[in-house]
Amino acid sequence: MSSATAGRPPGRTRSTASLRHRLAERGIDVSLLMLLPALVIAIGLFVYPFSYGIGLTFQPTPATQEQWGGGVLANYLAFFKDPFVFNSVWLTMRLALPAALFNVLASVPMAFKLRKRFRGKKLLTTLLVLPITLGTVLTAQGLLIFAGRQGWLNRFLIQVGVIHDPLHLVNNYVGVFLSLVISGFPFAFLLISSYLSGIDPSIEAAAKTMGAGWGQRFRRVVLPLLAPGLATTFILTFVLAFSVFPSARLVGDASGATRVMALMAYRAFGEQTDYPMASTIALMMGVVELLVIALVLLWRSFLYKGSTGGKG
Amino acid sequence: MAAQTVVTPGTDPASTKKVKARDAARVPGERSLVASPTTWVVWAATAAFFVLLIGILVSVVVDSFGKSWFRGWLPESWSSSWYKGAWDQYGMTQIIGVTLGVAAAVIVVSVVVGVPAAYLLARRNFPFKRAVTLLFLLPVLMPPITYGIPLATVMYNLDLSRTLTAVILVNLVPSVPFVIMTMTPFIEQINPAIESAARMSGARMRQVFTKILFPLLVPGVLASSILVLVRTVGMFDLTFLVSGPGTDTLVVAIYRAMTAAGGGEARQLISAMAVVYTATMMVILIVALRFVSPTQLVARVRESRED
């Protein structure tokens, strides 16, 4: 991209006309300058800090070096050898994968039901989207109060006689999972219903005319058209769930089942001010996350890629 | 062939006949009143979701007005002192001011920077276009913490940490790509012939932008601004890494109060702050939804048609 911006016609050289013409044929002209501010921001605030962070991972603090050895690679040794740090990879995956899958799978039938026209559709859609406004912190607070030991939920279940002892819904894995569903489901639902509305209903109507039943229509017509959208939604929900951090601390069990990578990275950054180690954990977090995304994209590349009869 | 089709309904079991009768009774295109089992499951799950949501919301609101509430269905007595406390102790006016100010700055910058970039990516072909697209896509695909920590380290080195500038800059990283991503489908929908006509009539690029494209893009700009607003006000991870006293946004301030040393603040005080946060967000979103349909927020698609 650097040549794209650097290679724009230098206005004062002699052969301007022909050079400009030749460059314009390749798609390079002055209007590419419109890309410049966005590029400056992306490079200055994303690429540069990121490469700086990668450099930092090879400059371990003396303390890390002393404990784990290995010279410039001490941070990585610490990451892979310290079970306290390394297990957080597994803990994060155990939380993010099921939550993202649940959100995507639950929003598909929901989006289907809301595709038809009925009274109160707009209201219901709005209600389903509104939880986006709750924010992780309020969700955490609400879960602690509502689903806690003395909360309304347990109180009600005990009075009805379903259970005898209060359920443990907060300060553990379940609490964080619930908060991920509350924040992730509306988002997944919004995306999937917009993908679904991009599928031309007349395709389905055609299948119906030819005698395809509900199941056949779903499996053979809608699902293949929706699958790329499902993959995208899964990726975006997964990113959300993977980077869970405040709720892991607030409604989770920060030293046990929900000691996620983001929490470890922040601990190294904010509490131990060990910037090299923090960057290492952050970098490994990105690597693990991008691996999952790459797998999903690989799967997606085997799917139908044509038009969905609309925007999709 | 025709004889067969006439015969088959007669040999069908009684249940199918009943369904057929019900089908016949209603106007084509109308749904039956008795829903299928899948519908029931979906609605039951939705109901459970709403019970959880409403429970969470109501219990926080009740808690924020209660004097003390540890056991029992409701608090023993009511008061609004927690709100006053939040205002006095935390300077909520300033926190809300910072939150909205940061959001406004992020929206303006990311729209001004993002829309032209989205235009080029949607309309033009140029060398390294794929690389540029990937560069804009990456921050959206990565967890904020992964690039937030190196970025915050750079900010610390530049002595920018805990300043308003840092908070705004950090929030720009996901917002600019976000505007580019949401604007691209909107731009693709505009017929290029309109621009060509304007260009033929002698309009310059800037005029094309201000007189032709921008008016057509207003819904898209509105939609992406709303999304950026909601994201920035709700953005915890990035803001938390670089903000400090005086530059905390509302979410971060609540988190800090919840995790403050010594077991945190009184629960009701935090509830009061959380209620203020949600009320702000809901007002923003409800106002926004009056202008943009929720599915349009993601990509401008046709509203579902009758089949």
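All values below were derived from every heavy atom in this structure, side-chain atoms included, with hydrogens, water molecules and symmetry-related copies excluded. Naming convention: chains lettered A, B, ... in sequence-line order (proteins, then strands); numbering from 1 in each chain.
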Novice: For Leu127(A), is it the side chain, the backbone, both, or neither that has a heavy atom closer than 4.5 Å to a heavy atom of chain B?
Specialist: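 Both parts, heavy atoms under 4.5 Å.
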Novice: What I'd like to find out is whether the side chain of Thr46(B) reaches to under 4.5 Å of the side chain of Lys113(A), using heavy atoms alone.
Specialist: no
Novice: Taking side chain as C-beta onward, heavy atoms only, is Leu56(A) less than 4.5 Å from Pro150(B)?
Specialist: no
Novice: Looking at Phe156(A), I'd like to know if its CZ atom is crowded, meaning that more than 12 non-hydrogen atoms belonging to other residues, nucleotides or ligands lie closer than 6.0 Å.
Specialist: no
Novice: Hey, could you give me the CG/CE distance between Leu45(A) and Met155(B), rounded to the nearest 0.5 Å?
Specialist: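 Leu45(A) atom CG to Met155(B) atom CE measures 5.5 Å (nearest 0.5 Å).
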Novice: Are the side chains of Val140(B) and Val239(A) in touch, meaning some heavy atoms are under 4.5 Å apart?
Specialist: no
Novice: Starting at CZ of Phe236(B), measure out to OG of Ser247(A) and round the result to the nearest 0.5 Å.
Specialist: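 So the gap between those two atoms works out to 9.5 Å.
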Novice: Using a 4.5 angstrom heavy-atom cutoff, name the option from Ala106(A), Pro131(A), Gly270(A), Ala147(A) with the most pairs to chain B.
Specialist: Pro131(A)
Novice: Leu128(A) versus chain B, heavy atoms under 4.5 Å apart: side chain, backbone, both or neither?
Specialist: both
Novice: Could you tell me which portion of Ile235(A) (side chain, backbone, both or neither) has an atom closer than 4.5 angstrom to a non-hydrogen atom of chain B?
Specialist: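 When you check distances to chain B, only side chain atoms of Ile235(A) fall under 4.5 Å.
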Novice: Between Pro177(B), Ala45(B), Pro143(B), who has the most heavy-atom pairs with chain A when the cutoff is under 4.5 Å?
Specialist: Pro143(B)
Novice: Apply ring pair (Phe, Tyr, Trp, His ring centres under 6.0 Å) to Phe49(B) and list each qualifying residue two or more places apart in sequence or on a separate chain.
Specialist: Phe185(A)
Novice: Would you name the heavy atoms of Val60(B) and Gly142(A) that are closest together and state the gap between them?
Specialist: CG2-CA, 3.3 Å
Novice: Just so I know, are the side chains of Phe146(A) and Leu53(B) near enough to count as touching, which here means a heavy-atom distance under 4.5 Å?
Specialist: no
Novice: Where on Val47(A) is there a heavy atom nearer than 4.5 Å to chain B: the side chain, the backbone, both, or neither?
Specialist: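 For Val47(A), side-chain heavy atoms alone lie under 4.5 Å from chain B.
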Novice: For the residue pair Tyr266(A) / Asp237(B), report whether a side-chain donor-acceptor contact shorter than 3.5 Å exists.
Specialist: no
Novice: Identify which part of Tyr277(B) has an atom lying under 4.5 Å from any heavy atom of chain A, answering side chain, backbone, both or neither.
Specialist: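 The side chain, not the backbone.
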Novice: Let me confirm one number: the CD-CD1 distance from Glu289(A) to Ile145(B), rounded to the nearest 0.5 Å.
Specialist: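 Answer for the CD-CD1 pair, Glu289(A) versus Ile145(B), is 13.0 Å.
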Novice: Just how far is it from atom CD1 of Ile149(B) to atom OG1 of Thr280(A), taken to the nearest 0.5 Å?
Specialist: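 That separation rounds to 10.0 Å.
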Novice: Determine, stepwise, if the pair Tyr147(B) / Phe46(A) fulfils ring-ring contact (aromatic ring centres under 6.0 Å, His included).
Specialist: CA-CA 7 Å; Tyr147(B) 57 86; Phe46(A) 183 75; 5.4 Å; yes
Novice: At a heavy-atom distance under 4.5 Å, which candidate from Leu241(B), Ile180(B), Thr280(B) has the highest pair count against chain A?
Specialist: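 Top count of heavy-atom pairs under 4.5 Å with chain A: Leu241(B).
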Novice: Between Leu141(B), Leu52(B), Val176(B), which shows the greatest number of heavy-atom pairs under 4.5 Å with chain A?
Specialist: Leu141(B)
Novice: Give, as side chain, backbone, both or neither, the part of Met282(B) having an atom under 4.5 angstrom from any heavy atom of chain A.
Specialist: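 Both backbone and side chain.
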Novice: Below 4.5 Å, heavy-atom pairs only: which of Val233(B), Leu169(B), Ile284(B), Val61(B) has the largest tally toward chain A?
Specialist: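 Top count of heavy-atom pairs under 4.5 Å with chain A: Leu169(B).
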Novice: How close do Pro109(A) and Val42(B) get, counting heavy atoms only, and between which atoms?
Specialist: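 Result for this residue pair: CB-CG2, 3.6 Å.
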Novice: With a cut-off of 3.5 Å and sequence neighbours excluded, list every side-chain donor-acceptor pair involving residues 109-127 of chain B.
Specialist:
| from | atom 1 | to | atom 2 | distance (Å) |
| --- | --- | --- | --- | --- |
| Ser110(B) | OG | Val106(B) | O | 2.5 |
| Ser110(B) | OG | Ile107(B) | O | 3.4 |
| Tyr119(B) | OH | Glu195(B) | OE1 | 2.4 |
| Arg123(B) | NH1 | Glu195(B) | OE1 | 3.3 |
| Arg123(B) | NH1 | Glu195(B) | OE2 | 2.1 |
| Arg123(B) | NH2 | Ile187(B) | O | 3.0 |
| Arg123(B) | NH2 | Ile190(B) | O | 2.3 |
| Arg124(B) | NH1 | Ser31(A) | OG | 2.6 |
| Arg124(B) | NH2 | Gly27(A) | O | 3.3 |
| Arg124(B) | NH2 | Asp29(A) | OD1 | 3.4 |
| Arg124(B) | NH2 | Asp29(A) | OD2 | 3.3 |

Novice: Can you check side-chain contact (heavy atoms from CB on, under 4.5 Å) on Phe269(A) and Thr153(B), steps first, answer last?
Specialist: CA-CA 9 Å; Phe269(A) 177 82; Thr153(B) 313; 3.8 Å; yes
Novice: Which heavy atom in Gly286(A) sits nearest to a heavy atom in Thr146(B), and how many Å separate them?
Specialist: N-CG2, 3.4 Å
Novice: Determine the option with the most heavy-atom pairs under 4.5 angstrom with chain A, choosing from Thr278(B), Val51(B), Val251(B).
Specialist: Thr278(B)
Novice: Side chain, backbone, both or neither: which part of Leu178(A) has a heavy atom under 4.5 Å from chain B?
Specialist: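 For Leu178(A), the contact with chain B is made by the side chain alone.
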Novice: Does the side chain of Arg249(A) come within less than 4.5 Å of Met258(B)'s, by heavy atoms?
Specialist: no
Novice: Can you tell me how far the CD1 atom of Ile145(A) sits from the CZ atom of Arg267(B), to the nearest 0.5 Å?
Specialist: 4.5 Å
Novice: So for Arg149(A), is it side chain, backbone, both, or neither that comes closer than 4.5 Å to the heavy atoms of chain B?
Specialist: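 It is neither, since no heavy atom gets under 4.5 Å.
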Novice: Considering only heavy atoms, which portion of Ile41(A) lies under 4.5 Å from any heavy atom of chain B: side chain, backbone, both, or neither?
Specialist: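 Only the side chain of Ile41(A) comes within 4.5 Å of chain B.
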Novice: So what's closer than 4.5 Å to chain A heavy atoms on Val275(B): side chain, backbone, both or neither?
Specialist: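 Backbone only.
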Novice: Just wondering, do Val58(B) and Trp152(A) contact through their side chains at under 4.5 Å, heavy atoms?
Specialist: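 Trp152(A) reaches Val58(B) side chain to side chain.
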Novice: Could you check which of Leu143(A), Leu283(A), Leu250(A) has the highest count of heavy-atom pairs closer than 4.5 Å to chain B?
Specialist: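 Most pairs with chain B among the choices: Leu250(A).
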Novice: Under a 4.5 Å heavy-atom cutoff, which of Pro37(A), Gly148(A), Ser51(A), Pro49(A) has the most pairs with chain B?
Specialist: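 Of Pro37(A), Gly148(A), Ser51(A), Pro49(A), Pro49(A) has the most heavy-atom pairs under 4.5 Å with chain B.
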Novice: What part of Phe238(A) lies closer than 4.5 angstrom to a heavy atom of chain B: side chain, backbone, both or neither?
Specialist: neither
Novice: Mind checking whether Leu35(A) and Phe136(B) have side chains closer than 4.5 Å, heavy atoms only?
Specialist: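 Yes. Closest side-chain heavy atoms under 4.5 Å.
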Novice: Are the side chain of Gln141(A) and the backbone of Ile254(B) linked by a donor-acceptor contact shorter than 3.5 Å?
Specialist: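 It does not hold such a pair.
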Novice: When rounded to the nearest 0.5 angstrom, what is the spacing between CG in Asn157(B) and OH in Tyr275(A)?
Specialist: 8.0 Å
